[in-house]
**Student:** 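One structure, pasted below without further comment.
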Amino acid sequence: MAQFNLGVHYGNGEGVTKDSVRAYMWFTLASESGIASAIKSRMIIEKRMTIQQIGQAQQMARDCQQHKFNGCY
């Protein structure tokens, strides 16, 4: 659930700089952890992103998982 909450904060710019790439990354990780609402949120934010941004977010999510979530932000 914390991953989903981070996605919301980055998506809305709540307490952090608004960042669709980071929001997408956190929604991706949350959806892979079984948070159903993260899938819907990721689909919404995806609509305002470029293909390059989506690719970057997907790579960031893979890197985060490979590093066992160390250094993810």
Side-chain angles (χ1 to χ4, degrees):
M1 197 63 185
Q3 294 166 338
F4 174 76
N5 288 334
L6 282 167
V8 170
H9 286 286
Y10 277 108
N12 296 326
E14 296 173 4
V16 293
T17 301
K18 189 173 184 176
D19 188 333
S20 296
V21 173
R22 293 204 189 289
Y24 188 96
M25 176 194 79
W26 286 114
F27 288 142
T28 297
L29 294 168
S31 67
E32 291 174 2
S33 297
I35 308 297
S37 55
I39 296 168
K40 181 178 178 181
S41 296
R42 185 179 60 189
M43 289 171 55
I44 291 168
I45 205 160
E46 185 176 87
K47 292 177 183 178
R48 60 183 184 210
M49 296 173 69
T50 66
I51 300 266
Q52 292 80 12
Q53 289 173 315
I54 293 167
Q56 179 185 5
Q58 290 170 338
Q59 183 62 50
M60 289 168 61
R62 285 190 295 272
D63 291 345
C64 190
Q65 288 174 318
Q66 288 175 349
H67 294 103
K68 299 183 182 182
F69 301 94
N70 288 321
C72 301
Y73 53 93

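When reading the values below, keep in mind they use all heavy atoms of this one structure, side chains included, and skip hydrogens, waters and symmetry mates.
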**Student:** How close do V8 and E14 get, heavy atom to heavy atom, and via which atoms?
**Tutor:** CG1-OE1, 4.3 Å

**Student:** With rounding to the nearest 0.5 Å, note down the distance linking CG in L6 to SG in C72.
**Tutor:** 10.0 Å

**Student:** Going by atom types only, do Q65 and R62 share a side-chain donor-acceptor pair under 3.5 Å?
**Tutor:**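 Absent: no donor and acceptor within the cut-off.
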
**Student:** I need the E32 CD to I39 CD1 distance, nearest 0.5 Å.
**Tutor:**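 The distance works out to 9.5 Å.
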
**Student:** Rounded at 0.5 Å granularity, tell me how far CZ in F27 sits from CE in M43.
**Tutor:** 13.0 Å

**Student:** If hydrophobic clusters are built from ILVMFWY residues whose side chains come within less than 4.5 Å, do I51 and M25 share one?
**Tutor:**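 No, I51 and M25 fall in different hydrophobic clusters.
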
**Student:** Which value, rounded to the nearest 0.5 Å, describes the distance between R22 atom CZ and Q56 atom CD?
**Tutor:** 8.0 Å

**Student:** How close do W26 and G7 get, heavy atom to heavy atom, and via which atoms?
**Tutor:**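 W26 and G7 have their closest heavy atoms at CB-N, 3.6 Å.
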
**Student:** Under the side chain to side chain donor-acceptor pair (under 3.5 Å) criterion, do S33 and Q3 qualify, and how do the steps go?
**Tutor:** CA-CA 9 Å; S33 297; Q3 294 166 338; 3.1 Å; yes

**Student:** Could you report the tightest heavy-atom contact between A61 and L29, atom names first, then the distance?
**Tutor:**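 Shortest heavy-atom separation between A61 and L29 comes out as O-CD2, 3.7 Å.
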
**Student:** Rounded to the nearest 0.5 Å, what's the gap from CD on Q66 to CG on N70? Could you check?
**Tutor:**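 It is 13.0 Å, given to the nearest 0.5 Å.
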
**Student:** Does a side-chain heavy-atom distance below 4.5 Å link Q53 with Y24?
**Tutor:**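 No, every pair of side-chain atoms sits at 4.5 Å or beyond.
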
**Student:** To the nearest 0.5 Å, what is the distance between CD1 (I45) and OG (S20)?
**Tutor:** 4.0 Å

**Student:** Can you see which heavy atom on R48 is nearest to which on G11, and at what distance?
**Tutor:**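 Here R48 and G11 meet closest at NH2-O, 3.1 Å.
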
**Student:** Tell me whether I44 shares a hydrophobic cluster with F4, the cluster being built from Ile, Leu, Val, Met, Phe, Trp, Tyr side chains joined at under 4.5 Å.
**Tutor:** no

**Student:** Identify the two heavy atoms, one from A38 and one from A30, that lie closest to each other, and give their separation to 0.1 Å.
**Tutor:**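 The pair with the smallest heavy-atom distance is CB-CB, 3.6 Å.
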
**Student:** For V21 versus A57, what's the shortest heavy-atom pair and its separation?
**Tutor:** O-CB, 3.4 Å

